[in-house]
Amino acid sequence: MSWRDRIGDGTAEFRGIVLHLERGSISAGRRVQVHEYPMRDEAYAEDLGRAAREWQITGYLIGDDYDVERQRLTDALDLPGAFEMRHSYYGTHKVVVIGEPRITESTREGGIARVNMTVLRADDKPRYPRSVTDTPKVVEARAAEAEAALKEEFEEEYNVLDLAADRVAEVEKTILDALQDAEAVVSDVTGKIARVIRTPGELAGAIMDTISGIANQLQEPLRALRGYEALFNAGETESESAAAPADARQQAQAQTAAVNLIRRGAAVAAAKASAQWSYDTRQDAQDTMDKIGQGLTEPLETSETLSPDTAQRLVLLRAAVVDDLRQRGAALPELTVYETRRAMPALVIAQRLYGDATRADEIVTRNRVRHPGAVPGGAELEVLSE
């Protein structure tokens, strides 16, 4: 088969119009950006991908009805969008007309219209920007809503205005006992609580500020999460029988409200902090999600005093945390085990695993290796999969 057989009659067909080809040309090659730097003799050429394919088409319409075809061609070129073109030289592709196509005719050359046009291959599908949910921001917003609901519920349940000083002191002691783990991290907890013990709104704010301070003081996520976990079941709720004196029942109600706020507030604060934490492995994100989910679920399953609005806020927050940590965790490497056969430097292990000896510190820190220059043989090291 010769080139004449492969090319055929030398036409370009599109939108029902046949254009006889006189000549054609095609642009080919790559898009290359050349970077030149001061005091460097060699330039760096950055390949940006294949250049757009343009066809330069030169042809004609001829015959007794060329003027009819010319009008059809004019109307076709005015239509928007890409169209399929069958080209004898370059095959069949979707194209769009670019530049300014020109149709030329004269009385000197009767019965013919000459056409010059440039088309661009447009086989690729359009790629539009895709919206992506900012899951950490959603968690922060849901946490703020849940915190507001907890404070509102606390203000309704907590009332020590008419209580004697000794009973208020017992309420204060219950709160401080429940916050003792936070007090080890956050300063002046006792003073803050004592100043606002009789004002529910300010007391709720002081308790939540103290709990939130755990993440602010402990920058390491795992340590901060352990601090929050200690508060998930902190303190003891008080209850009095209906036959007990009114002030005893009021005291017990205030103590219960405060302990519930601390427990639920710790789960909400942990959820809010998790949106700001970064994780090394998928397992870290999964463990955080499970622990915070447990802290948010327990009040929903065990509490009879939880209002419907607060319960809904906690459910929405739990769903936001799960969505956030699953999405971010999916992009993280997994944690695997690497067993050393003989003693060797951490630099060698890092080079073998990752092709990057600079990651030796990562292995040493994660596994608490005593001497980076001699990791013991037979040791099982926790390492990242990538």
Side-chain angles (χ1 to χ4, degrees), residues 135-161 171-172 174-175 177-179 181-182 192-193 196-215 224-225 227-240 249-276 288-325:
T135 53
K137 289 294 183 184
V138 174
V139 172
E140 291 177 0
R142 293 285 183 257
E145 294 170 358
E147 183 177 331
L150 289 177
K151 288 180 178 179
E152 183 178 350
E153 184 172 302
F154 173 77
E155 291 180 39
E156 293 177 358
E157 296 292 327
Y158 183 87
N159 180 17
V160 297
L161 191 61
V171 174
E172 181 179 343
T174 298
I175 295 173
D177 287 345
L179 288 174
D181 290 294
K192 290 178 183 178
I193 300 302
V196 295
I197 191 65
R198 287 186 179 271
T199 53
E202 294 182 17
L203 177 59
I207 290 174
M208 291 305 301
D209 287 346
T210 299
I211 295 172
S212 298
I214 293 176
L225 183 58
Y228 284 124
E229 278 190 285
L231 297 178
F232 288 172
N233 295 293
E236 295 183 2
T237 57
E238 302 290 337
S239 61
E240 293 287 348
R249 295 197 305 272
Q250 186 177 349
Q251 174 189 328
Q253 182 177 342
Q255 290 170 312
T256 298
V259 169
N260 285 338
L261 176 63
I262 293 169
R263 293 177 177 178
R264 300 164 187 172
V268 170
K272 183 178 180 180
S274 72
Q276 301 296 326
T288 301
M289 181 183 73
D290 292 342
K291 291 174 181 177
I292 293 176
Q294 181 181 359
L296 292 170
T297 300
E298 189 167 341
L300 300 171
E301 296 178 343
T302 61
S303 177
E304 298 178 357
T305 62
L306 198 64
S307 70
D309 180 64
T310 303
Q312 182 183 21
R313 300 299 180 188
L314 294 179
V315 169
L316 291 174
L317 175 57
R318 182 178 60 185
V321 170
V322 170
D323 186 39
D324 175 46
L325 294 182

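For the pair V321/L325, a side-chain contact is recorded, criterion being any heavy-atom separation below 4.5 Å from C-beta on. Counting heavy atoms from C-beta on, the side chains of T256 and E157 never come closer than 4.5 Å. Within the 4.5 Å cutoff, side-chain heavy atoms of I211 are placed close to those of Y228. The side-chain heavy atoms of V139 and D323, taken from C-beta on, include no pair separated by under 4.5 Å. Between T297 and R318 the shortest side-chain heavy-atom distance falls below 4.5 Å.
Put simply, the residue from L261, V171, N260 that forms a side-chain contact (heavy atoms from CB on, under 4.5 Å) with Y158 is V171.
A224 and I214 get closest at one heavy-atom pair: O-CG2, 3.9 Å. Nearest approach of I197 to V160, heavy atoms of both residues: O-CG2, 3.6 Å. For the pair A258 and I175, the tightest heavy-atom approach, listed with the atom from each and the gap, is CB-CG1, 3.5 Å. Taking both residues in full, the closest heavy atoms of I193 and E172 are given as CG2-CG, 4.2 Å, listed atom of the first, atom of the second, then distance. When all heavy atoms of A320 and V138 are compared, the closest pair comes out as CB-CG1, 4.0 Å. In terms of heavy atoms, T210 sits closest to K192 at OG1-CD, 4.4 Å.
The CD1 atom of I207 sits 6.0 Å away from the CG atom of L179 when rounded to the nearest 0.5 Å. In this structure, L203 CG and R198 CZ are separated by 12.0 Å, a value rounded to the nearest 0.5 Å. Taking CD1 from I292 and CD from E229, the interatomic distance works out to 9.0 Å, rounded to the nearest 0.5 Å. In this structure, D324 CG and M289 CE are separated by 10.5 Å, a value rounded to the nearest 0.5 Å. Taking CD of Q294 as the reference point, atom CZ of F232 lies at 8.0 Å (rounded to 0.5 Å). The CG atom of L314 lies 11.5 Å from the CD atom of E145; values are rounded to the nearest 0.5 Å.
The main-chain N or O of A271 is found under 3.5 Å from a side-chain atom of S274 such that the two form a donor-acceptor pair. For R313 (side chain) and R142 (main-chain N/O), no donor-acceptor pair under 3.5 Å exists by modelled atom type. Panel note: side chain T310, backbone L306; no donor-acceptor pair is recorded below 3.5 Å.
Under the 4.0 Å criterion applied to side-chain N and carboxylate O atoms, R264 and E153 are assigned as salt-bridge partners. Residues K151 and E147 are paired through a salt bridge, judged by an N-O separation under 4.0 Å between the basic side chain and the carboxylate.
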